[in-house]
Amino acid sequence: QAKQRNAFAVAYEHGMDEQHLRRLQIVQALPSAVREQRLQLHYQPKVNCNDGRILGVEALLRWRDEHLGVVRPDEFIPLAEQTGEINRLTRWVCTAAFDQLQLWHEQGLQLALAINLSALDLQWPDLVKFLREAAQKRGLSPQSITLEVTESAVMVEPEQAIKRLTQLREAGFKIAIDDYGTGYASLAQLKRLPVDELKLDRSFIQDIANSHADLTIVRSTLALAHELQLTTVAEGIEEESAWQILQQLGCDTVQGYYFSRPLAATQFEQWLRDYQG
Ligand code: C2E
Ligand code: CA
Ligand code: CA
Ligand code: CA
């Protein structure tokens with residue numbers, strides 16, 4: 001708190017605008033929030049597009065700070081990347097999510113887990129060792145863990161990223177390209193990437209029932225992905241009509257508010273019981 005008042009005083013003297021001040025406060029508050037485990041993970045189901053069965057979950061960070069209120073990952077992840085805090089954050093996410101997955105497996109819930117990695121994580125030399133050991137320690141097969149990286153994250157340092165993704169894949173982890181279609185990866189580049197799964201960005205999915213352009217893009221992307229032997233995921237399914245279209249187009253996996261918003265672990269367990277019951 002002293003630190004935050006301090007930041008405010010500094011910002012005030014320099015005539016910073018509110019948004020800039022908030023960013024500064026986030027940068028100051030994040031390290032202790034990570035250290036003191038005040039962040040939370042929520043889980044969103046990944047659903048078999050054909051039969052609606054639950055295949056696994058994607059872990060998504062949540063942070064509610066007593067002064068800053070709800071801070072969205074879109075807001076704090078880029079700042080964590082700029083300050084280098086992302087490394088500690090990623091390690092916490094993996095630890096917490098792997099602990100949860102171990103619990104679920106012990107309870108007989110054979111879920112798969114997806115976590116998000118940032119571009120900088122791929123430049124961390126010990127990433128593969130860390131993930132391998134973290135999985136092994138909990139008796140988790142790397143096959144049950146997917147690492148999602150955005151298309152643009154891979155394009156920051158393509159050679160480095162390809163090398164790291166190859167190592168991760170050799171260790172048994174699955175790799176997904178997230179937000180596909182929003183970046184600039186060409187078909188040739190995509191073919192070179194050691195990838196198992198392609199996640200079509202939700203901007204192509206949300207309005208697919210009404211947009212012929214989106215439908216065309218998604219149809220041809222799915223054809224391409226299947227040509228390259230990739231599993232396809234459509235995110236941002238908000239309506240049943242979108243699910244039906246994706247089903248007709250032969251998409252493998254769907255995800256979105258139509259099934260469930262991301263939920264805290266116990267809420268997710270309750271949701272799963274209701275969904276399956
Ligand atoms: P993402 O990986 O593309 O995650 C999907 C985002 O879409 C999530 O937002 C999720 O809540 C939201 N979403 C899911 N279904 C729907 C839907 O049907 N409609 C709409 N409108 N949105 C939907 P969230 O949780 O706010 O996360 C935003 C981004 O922050 C993520 O995008 C990811 O890039 C990043 N992020 C979140 N957690 C982590 C993390 O643990 N590590 C890293 N590196 N990045 C994370
Ligand atoms: Ca993701
Ligand atoms: Ca995404
Ligand atoms: Ca995203």
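Quick caveat, the model's predicted, so the values are computed rather than measured. Remember, it's 1-based here, ligands and their atoms both numbered in the order they're listed.
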Undergrad: For ligand 1 and Glu148, I'd like to know whether there is a polar contact (N/O to N/O, distance under 3.5 Å).
TA: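 For ligand 1, there is no N or O atom that lies under 3.5 Å from one belonging to Glu148.
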Undergrad: Could you check whether any heavy atom of Gln255 sits closer than 4.0 Å to an atom of ligand 1, since that is the contact criterion I want to use?
TA: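 Checking ligand 1 against Gln255, which is what was asked, there is no heavy-atom contact under 4.0 Å.
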Undergrad: Considering Asp121, Ile86, Ile77 one by one, which has a heavy atom nearer to atom 45 (N) of ligand 1 than any of the others?
TA: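 Among Asp121, Ile86, Ile77, the closest heavy atom to atom 45 (N) of ligand 1 comes from Ile77.
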Undergrad: Take every heavy atom of His42, measure it against each atom of ligand 1, and state whether any distance is under 4.0 Å.
TA: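 No heavy atom of His42 comes that close to ligand 1.
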Undergrad: Which atom name does Glu58 have for its N/O/S atom nearest to the Ca ion (ligand 2)?
TA: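 Distance check against the Ca ion (ligand 2) picks out OE2 in Glu58.
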Undergrad: Taking distance alone, with N or O pairs closer than 3.5 Å, would you say Arg72 contacts ligand 1?
TA: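 N/O-N/O distance under 3.5 Å: no.
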Undergrad: Ignoring hydrogens, just give me the one of Leu60, Leu117, Asp179 whose non-hydrogen atom is nearest atom 31 (C) of ligand 1.
TA: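 Checking each option, the heavy atom nearest atom 31 (C) of ligand 1 is found in Leu60.
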Undergrad: Quick one: does ligand 1 sit under 4.0 Å from the side chain of Asp178, the backbone, both or neither, non-hydrogen atoms only?
TA: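 Only the side chain of Asp178 comes within reach of ligand 1.
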Undergrad: Taking 3.0 Å as the cut-off, does an N/O/S atom of Asp179 lie below it from the Ca ion (ligand 2)?
TA: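 Within the cut-off used here (under 3.0 Å), Asp179 places no N, O or S atom near the Ca ion (ligand 2).
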Undergrad: Evaluate Leu61 for polar contact with ligand 1, using N/O atom pairs at a separation under 3.5 Å.
TA: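 Among all N and O atoms of Leu61, at least one is under 3.5 Å from an N or O of ligand 1.
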Undergrad: Looking at Glu18, I'd like to know if its CD atom is crowded, meaning that more than 12 non-hydrogen atoms belonging to other residues, nucleotides or ligands lie closer than 6.0 Å.
TA: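 Atom CD in Glu18 is not crowded, with 12 or fewer foreign heavy atoms closer than 6.0 Å.
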Undergrad: For ligand 1, is any non-hydrogen atom under 4.0 Å from Gln44's backbone (N, CA, C, O), its side chain (CB onward), both, or neither?
TA: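 Within the 4.0 Å criterion, Gln44 contacts ligand 1 through side-chain atoms alone.
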Undergrad: Please state which part of Arg261 comes within less than 4.0 Å of ligand 1, counting heavy atoms only: side chain, backbone, both or neither.
TA: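 None of Arg261 does.
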Undergrad: Using a plain distance cutoff, I'd like to know if Tyr258 has any nitrogen or oxygen under 3.5 Å from a nitrogen or oxygen of ligand 1.
TA: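 Tyr258 vs ligand 1: no N/O contact under 3.5 Å.
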Undergrad: Please name the atom of Glu148, restricted to N, O or S, that is closest to the Ca ion (ligand 2).
TA: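 Of all N, O or S atoms belonging to Glu148, OE1 is the one nearest the Ca ion (ligand 2).
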Undergrad: Under 3.5 Å between some N or O of ligand 1 and some N or O of Tyr257?
TA: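 So ligand 1 has an N or O lying under 3.5 Å from an N or O of Tyr257.
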Undergrad: Could you please compute the angle at the Ca ion (ligand 3) from OD1 of Asp178 to OE1 of Glu235, rounded to 10°?
TA: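 Computed angle, vertex at the Ca ion (ligand 3), rounded to 10 degrees: 100°.
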Undergrad: Just let me know how Asn116 lines up against ligand 1, side chain, backbone, both or neither, with a heavy-atom cut-off below 4.0 Å.
TA: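 Asn116 to ligand 1: contacts from backbone and side chain alike.
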